[in-house]
Amino acid sequence: MFKKEDEQKNNPFAAEETVEENTDNTTEETSDNIDEEIPKEENAQTNNEETLKAELESLNNKYLRLAADFDNFRKRQTAERENLLKYGAEDTLKKLITVLDTFERAKKSIEVLEECQKVKESYEVCIKQLYDTLDKIGLKKIEAKGEEFDPNLHEAVMQTPTNEHPANTVIDELQTGYKLHDKVLRPTFVNVATEGGEG
């Protein structure tokens with residue numbers, strides 16, 4: 001009697017069936033493994049893309065904030081530099097104003113002295129030169145006499161009732177005021193006309 005194992009060894013068809021069975025089993029196992037691995041790879045790729053997008057958005061926001069901060073800083077620096085160039089001489093000019101006051105008082109004191117004509121002429125040349133220099137720097141006289149009183153430019157230290165001038169008109173300058181460009185360094189002290197003067 002032959003055993004079953006011997007029959008399988010001697011039977012060529014039986015060997016082929018065994019091989020086919022083994023091949024089918026292997027194919028099924030391989031396809032199962034592939035099906036399991038593909039979703040894992042897709043999930044990992046999706047997670048990586050989302051992470052990269054989040055990082056990119058975060059970096060983009062940081063860049064935009066940094067660009068805005070730098071632009072604001074640049075504007076502040078430009079404004080400060082312009083103010084420094086425009087008003088940098090403010091303290092110096094405030095000190096020079098007292099010198100101008102002395103010139104003005106000297107001018108008034110020698111107006112009636114006829115024998116001092118040469119002194120007056122020399123004085124006029126000096127003060128004109130000084131005013132021209134200060135004007136180039138940016139110092140301007142605040143004109144007041146005959147103008148309407150402006151509290152931004154004038155300081156009323158006197159009020160005179162009169163009918164010779166319209167009310168609220170500056171009738172006399174008691175101390176000259178000055179501006180540096182458009183900034184008032186010192187208002188002009190003035191005498192202002194008011195209503196109620198005698199006819």
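The residues of the chain are indexed from 1 along the displayed sequence.
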Original post:
Can you tell me how far the CZ atom of Arg186 sits from the CG atom of Asp101, to the nearest 0.5 Å?
Top reply: 4.5 Å
**OP:** Any chance you could measure Glu124, atom CD, to Phe103, atom CZ, to the nearest 0.5 Å?
**Re:** 11.0 Å
Subject >> Validation row: Glu155, Thr188 side chains within 4.5 angstrom (heavy atoms) >> reply: no
Original post:
At what distance, to the nearest 0.5 angstrom, does CG of Asp91 lie from CG of Leu96?
Top reply: 11.5 Å
Original post:
If Ile, Leu, Val, Met, Phe, Trp and Tyr residues are connected whenever their side-chain heavy atoms lie under 4.5 Å apart, and connections chain through other members, are Leu134 and Tyr123 in the same group?
Top reply: yes
**OP:** Find the distance between CD (Gln159) and CD1 (Ile171) and round it off to the nearest 0.5 Å.
**Re:** 10.0 Å
Subject >> Thr194 vs Thr162 side-chain heavy atoms within contact, under 4.5 Å >> reply: no
**OP:** Could you list the residues that satisfy side-chain contact (heavy atoms from CB on, under 4.5 Å) with Glu80, not counting sequence neighbours?
**Re:** Gln77
**OP:** Determine whether Arg105 and Thr102 make a side-chain contact, defined as any pair of heavy atoms from C-beta on separated by less than 4.5 Å.
**Re:** yes
Just list the side-chain donor-acceptor pairs under 3.5 Å for residues 62-73, sequence neighbours left out, or say none.
| residue | atom | partner | partner atom | Å |
| --- | --- | --- | --- | --- |
| Asp71 | OD1 | Arg74 | NH2 | 2.5 |
| Asp71 | OD2 | Lys75 | NZ | 3.4 |
| Asn72 | ND2 | Ala68 | O | 3.3 |

**OP:** First locate atom CD of Glu57, then atom CG of Asn60, and finally report the distance between them rounded to the nearest 0.5 Å.
**Re:** 8.0 Å
May I have the list of side-chain donor-acceptor pairs in residues 175-184 shorter than 3.5 Å, sequence neighbours left out?
| residue | atom | partner | partner atom | Å |
| --- | --- | --- | --- | --- |
| Tyr178 | OH | Tyr131 | OH | 3.3 |
| Asp182 | OD1 | Tyr87 | OH | 2.6 |
| Lys183 | NZ | Glu90 | OE1 | 3.2 |

Subject >> Derivation of the side chain to side chain contact (heavy atoms under 4.5 Å, CB included) call for Ile137 and Leu93 >> reply: CA-CA 9 Å; Ile137 296 172; Leu93 291 175; 4.0 Å; yes
Original post:
Which pairs, with at least one residue in residues 125-136 and sequence neighbours excluded, count as a salt bridge (Lys or Arg N to Asp or Glu O under 4.0 Å)?
Top reply: Lys128-Asp132, Asp135-Lys140
**OP:** Taking all heavy atoms of Ala193 and all of Pro166, pick out the closest pair and write down the distance.
**Re:** CB-O, 3.6 Å
Original post:
Transitively linked via ILVMFWY side-chain contacts under 4.5 Å: Leu100 with Leu185?
Top reply: yes
Original post:
Does the side chain of Val192 reach to within under 4.5 Å of the side chain of Thr169, using non-hydrogen atoms?
Top reply: no
**OP:** Assess whether atom CD of Gln129 is packed by more than 12 heavy atoms of other residues, nucleotides or ligands within 6.0 Å.
**Re:** no
**OP:** Please write out which residues are connected to Phe189 in a hydrophobic cluster, directly or through intermediates, given that two of Ile, Leu, Val, Met, Phe, Trp, Tyr count as joined at side-chain heavy-atom separations below 4.5 angstrom.
**Re:** Val157, Met158, Leu174
Residues 142-152 side chain polar contacts: donor-acceptor under 3.5 Å, at least two apart:
| residue | atom | partner | partner atom | Å |
| --- | --- | --- | --- | --- |
| Asp150 | OD1 | Asn152 | N | 2.9 |
| Asp150 | OD1 | Asn152 | ND2 | 3.4 |

Subject >> Point-to-point distance, once rounded to the nearest 0.5 Å, from OG1 of Thr78 to CG of Asn83 >> reply: 11.0 Å
Original post:
Quick one: are Val190 and Asp172 in side-chain contact, heavy atoms under 4.5 Å?
Top reply: no
